[in-house]
Amino acid sequence: MTLVYPGSFDPVTLGHIDIALRGAKLADRLIVAVLDNPNKRTLFTVNERVKLLKDAFRDTAKIEVSSFSGLLANYVELNKANAILRGLRNAGDFESESQYAVCNKMLSEGIDTIFLPASPHYAHISSSIVREITLVGDDKHLKNMNIPMVTPATYAALLAKKSKGER
Ligand code: PNS
């Protein structure tokens, strides 16, 4: 079975990594698919996001990292995937994700979405919270973010963005 795990991953968090590793246990192949949307402003370029994800999964043979643009339903069909994988942190996620899941199923040849609940110790993490702490936090807050929220490589990349004043 091939699963596609799509997202913006701006940047990848430990919550994303947890969902991908758990999803990979259910599949023969898992493609982490980074959305390349030129109309959406992101802190990291698509190449930077792909690079951080590749680093995170460098020891997991079943997991591939790629990018896509346009409709997810097209990408899933193109890659002959059996299902889409998404994580759910809370009821808000469920509301929006169930709507996406129904639409994606209608847009494709009936591809379903498999939801995995976020592990409790990652359920509070989001890329937007990580970006906000990076941009407005001081050294102490940033240090607290390393390991509990992101990998050391992502942490270093965030510090580099901050030092360059990129946002
Ligand atoms: O990490 P995110 O930002 O929550 O991921 C959202 C994502 C990339 C899964 C979603 O925006 C998406 O699939 N975009 C591609 C465009 C698309 O297919 N839209 C119609 C969905 S029914």
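All ligand and atom numbering here is 1-based and tracks the order in the structure.
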Does Phe9, backbone or side chain, put an N or O under 3.5 Å from an N or O of ligand 1?
no
Please state which protein non-hydrogen atom is closest to atom 20 (C) of ligand 1 and give its distance, to 0.1 Å?
Leu71 CD2, 3.9 Å
Which residue and heavy atom of the protein sit nearest atom 14 (N) of ligand 1, plus the separation
Leu35 CD2, 3.8 Å
Side chain or backbone, does Glu97 bring an N or O within less than 3.5 Å of an N or O on ligand 1?
no
Flag the pair Leu21 / Ile63 as yes when at least one side-chain heavy-atom distance between them is below 4.5 Å, and no otherwise.
yes
Heteroatom proximity flag, Asn104 to ligand 1, N/O under 3.5 Å:
no
Does ligand 1 have a heavy atom under 4.0 Å from the side chain of Gln99, from its backbone, from both, or from neither?
neither
Do the non-hydrogen side-chain atoms of Asp93 and Glu95 ever get within less than 4.5 Å of each other?
no
Any protein heavy-atom neighbour for atom 7 (C) of ligand 1 (distance below 4.0 angstrom)?
no
Under 4.5 Å between any side-chain heavy atoms of Met149 and Thr13, yes or no?
no
Atom 18 (O) of ligand 1: the protein heavy-atom neighbour that sits closest, reported with distance to 0.1 Å:
Leu72 N, 2.8 Å
Ile111 CD1 to Asn104 CG distance, which is reported to the nearest 0.5 Å:
9.5 Å
Protein heavy-atom partner closest to atom 9 (C) of ligand 1 - residue, atom, separation in Å
Arg86 NH1, 3.6 Å
Regarding Glu97 and Arg89, does a basic nitrogen lie under 4.0 Å from an acidic carboxylate oxygen?
no
Whether Ser127 lies under 4.0 Å from ligand 1, heavy atom
no
Can a salt bridge be assigned to the pair Asp55 and Lys51 using a cut-off of 4.0 Å between side-chain N and carboxylate O?
no
Give me the residue, atom name and distance of the protein heavy atom closest to atom 21 (C) of ligand 1.
Tyr100 CD2, 3.4 Å
List the closest protein heavy-atom neighbour of atom 3 (O) of ligand 1: residue, atom name, distance to the nearest 0.1 Å.
Ser8 OG, 2.6 Å
Taking C-beta and beyond as the side chain, do Leu72 and Tyr100 meet within less than 4.5 Å on heavy atoms?
no
Considering non-hydrogen atoms of the protein only, which is the closest contact for atom 15 (C) of ligand 1, and what is the distance?
Gly70 O, 3.6 Å
Can a non-hydrogen atom of Lys40 be found less than 4.0 Å from any atom of ligand 1?
yes
Which ligand 1 atoms are under 4.0 Å away from a heavy-atom of Cys103?
22 (S)
Heavy-atom count around Asp139 CG within 6.0 Å, excluding the residue itself: above 12?
no
Give a yes or no answer on whether the side chain of Arg131 reaches the backbone of Asp10 with a donor-acceptor pair at less than 3.5 Å.
yes
If you scan the protein for heavy atoms around atom 12 (C) of ligand 1, do you find one that is closer than 4.0 Å?
no
Do Thr113 and Lys105 have a side chain donor and acceptor closer than 3.5 Å?
no
